[in-house]
**Q** 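This structure is in structure tokens; I'll ask about it shortly.
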2 protein chains.
Amino acid sequence: MTEDRRKFIRQGEEARREALIAAALSLMAESGPEAATVRAIADRAGVTAGLIRHYFDGKDELMLAAYGRIMGRMTENSLAAIAHVGDGAEARLAGFVAASLRPPVMDPDAMGLWAGFLHLVRRDARIRAVHRATYLEYRDQLQRLIAALPRQADARQLRADAIACNGVIDGLWLEGSALPDAFDEGELVTIGLQAVGAILGLDLAAHLPPPFTDEPAPPETRTE
Amino acid sequence: MTEDRRKFIRQGEEARREALIAAALSLMAESGPEAATVRAIADRAGVTAGLIRHYFDGKDELMLAAYGRIMGRMTENSLAAIAHVGDGAEARLAGFVAASLRPPVMDPDAMGLWAGFLHLVRRDARIRAVHRATYLEYRDQLQRLIAALPRQADARQLRADAIACNGVIDGLWLEGSALPDAFDEGELVTIGLQAVGAILGLDLAAHLPPPFTDEPAPPETRTE
DNA sequence: TCCAAAACTATACGCTTGCATAAATACTAT
DNA sequence: ATAGTATTTATGCAAGCGTATAGTTTTGGA
């Protein structure tokens with residue numbers, strides 16, 4: 001009764017770090033980078049602000065960890081779509097492209113997050129390193145899928161094709177995420193498949209994967 | 001001698017507004033959105049902070065004006081490259097694509113600026129309107145160039161082609177701006193022309209425009 | 001059972017932000 | 001020459017920022 005100090009239960013390093021990262025990402029996705037203050041993050045994570053400094057050397061460290069988490073998740077989401085597709089290189093590539101142009105990868109919140117971090121890329125060397133690694137990893141995945149296609153191409157051509165296809169996907173992802181209602185349902189998937197197919201000399205649209213996977217609806221990016 | 005108050009000369013609305021917009025853009029390009037504080041902007045424009053409120057209703061208004069300025073300029077820069085190209089629709093399209101993938105359009109500073117504003121797109125309706133208008137205007141320009149090509153395509157196909165080509169350009173622009181040293185000199189121009197050509201069924205690379213225009217070197221985006 | 005270590009809270013400090021307000025200056029019209 | 005007005009400076013304020021630090025609670029092992 002003296003002073004009702006907040007009750008709490010210990011949760012340990014792993015859980016708290018994850019909770020703080022998730023809180024930072026959700027705030028940033030909703031309301032932009034400037035909304036992700038230490039107080040707001042702590043509040044959403046159900047702790048007080050001081051705890052951030054207990055688990056991270058500072059806010060910058062938390063943001064760096066959060067960036068790594070979200071970027072990795074986006075590549076994972078694209079890859080997960082083709083994990084169980086076994087029937088041919090073309091189908092796998094088509095699945096990868098389509099997954100990148102559909103939720104939860106193509107998503108306004110995801111783009112808000114990505115944009116919020118992007119401007120940090122130029123100032124913070126460690127953020128830049130994460131960006132570079134993520135971009136190259138994604139492109140390598142794509143290049144591997146392209147290399148598996150039944151066609152002949154030397155290393156130089158393979159690199160150029162991967163860069164071009166990655167460009168199409170990135171550009172369409174960006175525009176579809178930024179202006180969701182400027183495109184019809186599934187329009188960007190079709191366009192993306194046609195474009196990638198044209199670049200590689202294939203008819204990828206023929207492999208148009210089913211619009212729904214086994215999951216009913218993945219509504220949010222931000223939920224863990 | 002009493003108190004050395006700062007000397008000044010009157011410059012009038014037009015000049016001051018432009019100076020403040022230019023200052024805001026240059027700060028943002030250099031060091032990100034959070035560096036563009038009212039004090040820093042005023043300082044760079046050679047005035048004191050209070051003047052911003054005299055010419056704009058608030059900082060948000062200044063940022064909105066600045067966003068309109070930079071986005072318009074980027075489309076202009078792409079269009080300027082083909083203003084004096086008269087020999088054929090393919091050559092004009094090739095010039096447009098190439099210009100979008102070279103300085104001053106493709107440029108780390110320009111991308112920093114673009115990214116800095118992008119996350120405002122989701123919160124501020126007026127910023128979003130500018131974004132939408134700029135994107136659609138750019139795409140319409142591209143679509144007009146595509147429509148002028150000697151080939152047959154219905155309206156639906158024309159729209160899809162424009163979206164796809166715009167996607168390639170945007171994606172390559174983004175990656176080349178974000179990671180300039182990940183690509184060879186001129187590599188993205190070549191890849192972009194090949195990709196757009198493949199999508200449209202042309203050999204655009206044959207029209208590869210000269211690497212230099214009549215200007216010696218446009219070094220900076222941020223200078224007016 | 002109790003005690004030491006770790007987890008967590010609470011508070012305050014210094015700094016920066018955008019903005020309001022009031023005073024001073026430079027220019028223009030007369 | 002001078003008065004008037006728009007332009008510009010100067011100053012202060014309330015709010016919010018990240019962080020440092022000290023104190024309190026929980027927890028698990030001796």
**Q** For L51(A) and for F8(B), find the nucleotide of DNA chain C with the closest heavy atom, then tell me which residue's nucleotide is more 5'.
**A** L51(A)
**Q** Is there a side-chain contact between T37(A) and I41(A), using heavy atoms and a 4.5 Å cut-off?
**A** no
**Q** dC8(C) P sits how many Å from D43(A) CG, rounded?
**A** 16 Å
**Q** Under 4.0 Å between any heavy atoms, over every strand shown, what does I9(A) touch: base, sugar-phosphate, or nothing? Just pick one.
**A** sugar-phosphate
**Q** Rounded to the Å, how far apart are L27(B) CG and dG18(C) P?
**A**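 Going from L27(B) (CG) to dG18(C) (P), I get 11 Å.
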**Q** Kindly say if R16(B) contacts the phosphate of dT8(D), meaning a side-chain N or O under 4.0 Å from OP1 or OP2.
**A**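 For dT8(D), OP1/OP2 do have a side-chain N/O of R16(B) under 4.0 Å.
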**Q** Round to a whole Å and report the spacing from NZ of K7(B) to C1' of dA24(C).
**A**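 Rounding to the nearest Å, NZ of K7(B) and C1' of dA24(C) are 10 Å apart.
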**Q** I'd like to know whether T48(A) forms a side chain to side chain donor-acceptor pair (under 3.5 Å) with R6(A), so could you lay out the CA-CA distance, the side-chain angles of the two residues, the decisive distance to 0.1 Å, and finally the verdict.
**A** CA-CA 10 Å; T48(A) 53; R6(A) 179 179 185 139; 5.9 Å; no
**Q** Rounded to whole angstroms, how far apart are CZ on R53(B) and P on dT17(C)?
**A** 17 Å
**Q** Which word best sums up how the rings of H131(A) and Y67(A) line up, parallel for under 30°, tilted for 30 to 60°, or perpendicular for over 60°?
**A** parallel
**Q** Can you see which heavy atom on A36(A) is nearest to which on A24(A), and at what distance?
**A** CB-O, 4.3 Å
**Q** Hey, does F56(B) reach any base, or is it just sugar-phosphate, or nothing, if we go heavy atoms under 4.0 Å?
**A**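 The residue F56(B) makes no contact with any strand.
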**Q** Is there a donor N/O on one and an acceptor N/O on the other, under 3.5 Å, for the side chain of R6(B) and the base of dT9(D)?
**A**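 No pair found.
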**Q** With sequence neighbours excluded, tell me which residues meet salt bridge (charged side-chain N to carboxylate O under 4.0 Å, His left out) with E34(A).
**A**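 Only R123(B) meet the salt bridge (charged side-chain N to carboxylate O under 4.0 Å, His left out) criterion with E34(A).
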**Q** Taking atom types as modelled, is there a side-chain donor on S100(B) or Y138(B) under 3.5 Å from an acceptor on the other?
**A** yes
**Q** Once you round it to whole Å, what is the distance between P of dC27(C) and CD of E13(B)?
**A** 18 Å
**Q** Could you check how far NE2 of H54(A) sits from C1' of dA22(D), rounded to whole Å?
**A** 13 Å
**Q** Check the distance between dT17(C)'s C1' and I52(B)'s CD1 and give it to me in whole angstrom.
**A**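 Distance, rounded to whole Å: 12 Å.
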**Q** Does any part of the side chain of I70(B), heavy atoms only, come nearer than 4.5 Å to the side chain of W114(B), both counted from C-beta?
**A**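 A side-chain contact under 4.5 Å is absent here.
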**Q** Describe the nucleic acid contact of Q11(B) in one word from base, sugar-phosphate, nothing, applying a heavy-atom distance below 4.0 Å.
**A** sugar-phosphate
**Q** Does any non-hydrogen side-chain atom of P33(A) lie less than 4.5 Å from one of H119(B)?
**A** yes
**Q** Given dA20(C), dA23(C), dG23(D), identify the nucleotide with an atom nearest to the side chain of R5(A).
**A**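 Out of dA20(C), dA23(C), dG23(D), the nucleotide with an atom closest to R5(A)'s side chain is dG23(D).
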**Q** If only atom types and distance count, is the side chain of R17(B) paired as donor or acceptor with the main-chain N or O of Y55(B) below 3.5 Å?
**A** yes
**Q** Within this structure, what is the CD1-to-C1' distance between I41(B) and dT16(C), rounded to whole angstrom?
**A** 14 Å
**Q** Quick one: does any side-chain atom of R53(B) pair with a main-chain N or O of D57(B) as donor and acceptor, under 3.5 Å?
**A** yes
**Q** For DNA chain D, which residues of residues 61-68 of chain B approach it to below 4.0 angstrom with any heavy atom?
**A** none
**Q** Measure all distances between protein nitrogen or oxygen atoms and nitrogen or oxygen atoms of nucleotides 15-18 of chain D, and list the pairs falling under 3.5 Å.
**A**
residue: dG18(D); atom: OP1; partner: K59(A); partner atom: NZ; Å: 2.7
residue: dG18(D); atom: OP2; partner: V38(A); partner atom: N; Å: 2.8
residue: dG18(D); atom: N7; partner: R39(A); partner atom: NH1; Å: 2.9
residue: dG18(D); atom: O6; partner: R39(A); partner atom: NH2; Å: 2.9

